[in-house]
Every structure is written in structure tokens, then in C-alpha cells.
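These notes are about the structure you will find just below.
No experiment lies behind these values; they were computed from the predicted model shown. Below, chain A is the first sequence line, B the second, and so on; all start at residue 1.
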Amino acid sequence: MTVRTRFAPSPTGFLHIGGARTALFSWAYAKKHGGEFILRIEDTDVARSTPEAVQAILDGMAWLGLSHDEGPFYQMQRMETYKKIIQKMLAEGTAYYCYCTKEELEALRESQMQQNIKPRYDGRWRPEEGKVLPEPPADIPPVIRFKNPQTGNVVWHDLVKGEISIANQELDDLIIARADGTPTYNFCVVVDDREMGITQVIRGDDHVNNTPRQINMLKALGATVPQYAHLSMILGDDGQKLSKRHGAVSVMQYHEDGYLPEAVLNYLARLGWSHGDEEIFSMQQFCEWFDLDHITPSAAQFNTEKLKWLNAHYIKLVDSDYLAEDITDRLAKLGVNVTAEPKLGAVLDLYKERVHTLNELAENIAYFYRKPRIDQAAAEKHLTLDIKPVLAMLIEALQSAEWAAEHIHHAIDAAVTKNQLKFPKIAMPLRVAVTGIAQSPSIDQVMALLGKEEVLNRIRRVL
RNA sequence: GUCCCCAUCGUCUAGAGGCCUAGGACACCUCCCUUUCACGGAGGCGACCGGGGUUCGAAUCCCCGUGGGGACGCCA
């Protein structure tokens, strides 16, 4: 049987890091088994779903390169299917009308909570052999409930967590269609997972409690029950749960912040899953290795430091043309226009091994394309009165130097030796004058790239 | 409250009863490289939640605690 997995987000917000990992694992599982990965948009909550959120999810998936083989399917476009099945269930007696008002249910819940029992629908409209139901009130539009089995256990072998067993007594008759006729989440999932032939449902941990209900409905519909794999959640850097107001950021924010999708993907792959001691691997490699057996059942804390480390690694490897284009954009955002000279490619080669993010890279090389902003502290420390004459003298020495790193180095060395100084003594003042700060790659290499005139101007500026 | 799940270095994890004196990675510390800062290289610090079993032998299996998380919607 062909493996078919799906990612089924509800479009009520952007694609965050937890959703991205769920999508990644689902995608990888399909790839590993030569199956299909389906994207389904669960937009039945009309009040909270937005087209912007749909787009944000699509954008996030595209940035990460998690392409789907089928879809996106939108549940709101599948209403006829759902309604047909609900009618069938009503006819077969696996679903029934319930005329309770929201207020009535609220009161019921309240009283159950007070008695310290689990809040559940009490089945007052549930038809039963020999049971006399109240007369349906004419003014109340009914909801439709699933007639859940009342005895026995629902047991499944979770591909991540192992065997899970939940007593039917713990479950109540959930609403499958609202008073306005629209079907609800648990029901739509069941219909779709069946009709789309999903073989493995890989989703977040928070759905464990929905699973027995879904299995019961699947069985009531005579459907094959798929396998389930419940992924534990991802906690924020501080160990706290991710939420809207706390750390839950869009994956696109990582793009903004200068992370490469390769790094984010590699990081996410390793969060909660492992393959021995392997830390760095391509998505192709990941798809070959991926399995559900090596997923950790416990929650994982996000660690930005490690993501940065991976990002630094991938920045060193990223394609030069792509990098140049990306950095040009980031520099533009900083108000810096890249000019033909110095060559951006050469500048990037000098810097890309030294940074953790693309933003850092852009910021670090900005001085090549605009007047350096002299750091006050660095200037005070290194551009001292006694060193300025040496710098002035250096201008002359450099004027006649052939403009290549090696020759620049020799010119500086010679001039400095004449003053009974050592190279390091002049390197720092020079560095501050040319770059504005006290850290840079080899100063002779920086100078070589920057060009003779520009370098001399920058030295004159600080005298 | 009820039900469900989880528990190895600070963090991500390896670990399927003897290979464990518990391995790797990030972070941190030290040293090396060095014109600074990085990069890189070599070392170091650092963990099996507690208690009972089972077993010749348990990080691994079982039970009980404890701690953490999730779910209990006409949300998904």
C-alpha cells in the first residue's frame, strides 16, 4: 500500500516552528517510503480562518521546500461530502440530533466541574433502546452528535508513544455538526483522512485525546483506521510553552533574521529525532534515514544557539550567487547600496566563515560600501596621539605600494619597522580607521579589497 | 478535579539487560593557531528524578512516588 501522509494546519496564524517540524516529519516519512504528502487546509472555523494565514502557511512551506504531492485541499470546499456522510450516519443511527442550548451545556459543565468529575455531555438526547426522548423544541436549531460507544477501550499502537488505551467511558458524544449545519474538526478529519487514503497520521501531541474519538468514528463509517504518530511539542528557549505572546514566531521570521532554510530544516530534523551521532545532514540524507522509531516521545526545548551553529555551517557552504543576491537585499534594507567595487563576492568570501546569520554578514560588510562608522571606544583606545604620526607616514608608504594583500603587508611592515614598531602595533589603529571597529579579517586583505584611494581617504579622515 | 502522556549532562540527544568507568552535538572553560575578532584544531567541565522490585547483572523491564506537559469547546 502506498504511504500517504498529510499536513493539516488550520489557517488561523502563520506557520510556526512546531507546525514546521510536524510538516517536515510528515513530508520526510512520505519521501522515505516513496509515498505522497498531502496538504490540507482545515478552515472550518470560519470566524478565525483567514486567507492571509493560508498564504502565510503556503509561504512557510515553500521557503522550507516542503512541497506537497496533492492539495492544498480546503475543507470549506468539501461541505457537500461532509453533509452527505452526516445524513448517512443519522440514517444509520450512529449520529443523532441534540437540542441542548449552549447555556444548558455550560451549566452542565459547571456542575460537573464542581463535583470534580470530568466535564462530559450526559447523553440526554442520545437515543437508546426503550428510552423516551423529550419533545424536540421547535425554536432550537439542533446540533448533531456522534453516538460514541459507551463500553470497552479504544487502543492503538502509537508509532511514537507506543500503546495507548483510553476507555470509552471517558469519551462523550462529540458534536460533529454545529447548529448552523457546518461540520466540526474531529469529524472533518475523519472523513478526509479516510477519503484521502491517509495511511499514517503524523501530528502534534495535543491530538492524542482526539484520536480515540476519531478511531470510533472511522469504525462507525466502516473505514480502515490509519496508523498514528504523535509528536511531542516544542518548548521555547526558556523551556516554556510556545504561545502567541511568547516565542511562537513564524518560520518566515527566521528568514527575516538571516537563517538559511537548510539550517532550520537540519535543526528541526534533529529536534526530537536522531540518527546515532549524526548532526549535520542534507534533506536528501534525512529522507533516507528518517524513521518514526527514533523520535523522542518527550517534549524538546528549542535552542537558538545550536540553530545558529548550524546556520554558520550552512552559510559557509551556500552557493555564492545566491548568497550575493541575498546579501545585496539585506544591505539595501540597511540603506547600503552594493557597488561594482569592491567585488561583493570577494568580500563575502572574506566574511562568510565568520558569521552566524546572514544579517550579521550584511552588517559586518556594510563598511565596504559606505563610510565606516567609527566606534568611539575603539577609537579612543587605538587612535591615540602617538600613533597618528605613524599612520600619516603610512599613507606615503602605501601610496607607492602595489595593491595586493601581500604587498600591502610588506609596505606596512617596512614602514612600521622604521619606527621601531611591530606589525600588531599598527594593525589595530589601521583597522579602526578603515573598518570603524576593532575586529575584522586580516587588515591587509581588507585593504586590498577596499582599494587604495578609499583606504588612504579613510586613514586621512582619522588623523 | 478527571483522563492521557512524558522523565539521561544547562540544552538537543545516543542507549532495545552485560559493549556504559554512560557516547556525540550546542553552550561554557583551557590551550594551540593568530595583526584583532571570528573560523579551525586539541583538551576539559558536565547527566541516568526518587524508592522498591524482577534478574547472576538494569539507564534499559515492572510497580509506587515525585515532577513536568497535554486534553477535557457548537476551536483546530
Side-chain angles (χ1 to χ4, degrees), chain A residues 8-12 42-45 47-49 75 98 100-102 105-106 109 112-120 141-145 158 160-162 164-167 169-172 174-186 188-189 204-212 230 232-233 235 237 239 241 267 270-280 293-294 296-310 312 316 351-356 364 378 382 409 412-413 416 422-428 430-432 435 437-444:
Chain A
S10 66
T12 55
E42 312 215 318
D43 53 358
T44 53
D45 184 356
R48 292 199 301 154
S49 297
Q75 290 186 324
C98 167
C100 287
T101 61
K102 286 183 184 178
L105 292 171
E106 190 50 47
R109 197 169 303 136
Q112 287 167 326
M113 292 280 248
Q114 266 176 10
Q115 294 168 64
N116 274 340
I117 55 175
K118 190 175 185 168
R120 271 140 69 228
V143 299
I144 298 167
R145 288 184 184 271
D158 195 276
V160 171
K161 294 178 184 290
I164 299 179
S165 168
I166 294 176
Q169 282 186 325
E170 294 295 328
L171 275 23
D172 62 1
L174 76 158
I175 292 170
I176 60 175
R178 302 179 178 91
D180 66 6
T182 57
T184 59
Y185 167 75
N186 274 296
C188 295
V189 167
D205 215 341
D206 47 335
H207 290 289
V208 167
N209 293 276
N210 291 325
T211 306
H230 288 98
S232 60
M233 58 187 302
L235 272 20
D237 257 317
K241 185 189 173 182
Y267 179 73
R270 231 359 232 88
L271 232 207
W273 175 84
S274 60
H275 186 77
D277 289 340
E278 302 292 343
E279 294 287 350
I280 295 177
D293 302 340
H294 290 84
T296 319
S298 57
Q301 191 170 316
F302 196 86
N303 186 241
T304 306
E305 290 303 319
K306 190 160 182 180
L307 205 213
K308 278 189 180 171
W309 170 72
L310 277 167
K316 290 173 195 167
Y351 266 88
K352 70 179 182 185
E353 300 219 331
R354 317 166 58 82
V355 297
H356 289 89
N364 283 356
H382 298 290
H409 187 100
I412 296 172
D413 217 15
V416 139
K422 294 271 188 223
F423 192 104
K425 187 73 184 162
I426 195 67
M428 284 310 279
L430 213 40
R431 180 170 283 122
V432 175
T435 72
I437 58 171
Q439 302 83 32
S440 81
S442 288
I443 193 59
D444 42 18

Please work out if [X] contacts a base, only the sugar-phosphate, or nothing of the nucleic acid, heavy-atom cut-off 4.0 Å.
X: Ser49(A); answer: nothing
X: Asp444(A); answer: base
X: Cys98(A); answer: nothing

Of all the choices, [options], which nucleotide is nearest to the side chain of [X] once you look at every atom?
X: Asn209(A); options: U36(B), C3(B), A76(B); value: C3(B)
X: Ile443(A); options: U35(B), G23(B), C74(B); value: U35(B)
X: Lys316(A); options: C3(B), G40(B), G24(B); value: G40(B)
X: Ala179(A); options: C74(B), G70(B), G15(B); value: C74(B)
X: Pro297(A); options: C4(B), A7(B), U36(B); value: A7(B)
X: Glu42(A); options: A76(B), A25(B), U11(B); value: A76(B)
X: Gln301(A); options: U2(B), C6(B), C12(B); value: C12(B)

Does Asp172(A) come within less than 4.0 Å of Arg145(A), counting only side-chain N to carboxylate O?
->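 Arg145(A) and Asp172(A): not salt-bridged.
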
Give none if C56(B) has no partner; otherwise give the nucleotide forming a Watson-Crick or G-U wobble pair with it, both distances under 3.5 Å.
-> G18(B)

Scanning all shown strands, the Watson-Crick or wobble mate of C74(B) with both distances under 3.5 Å is none

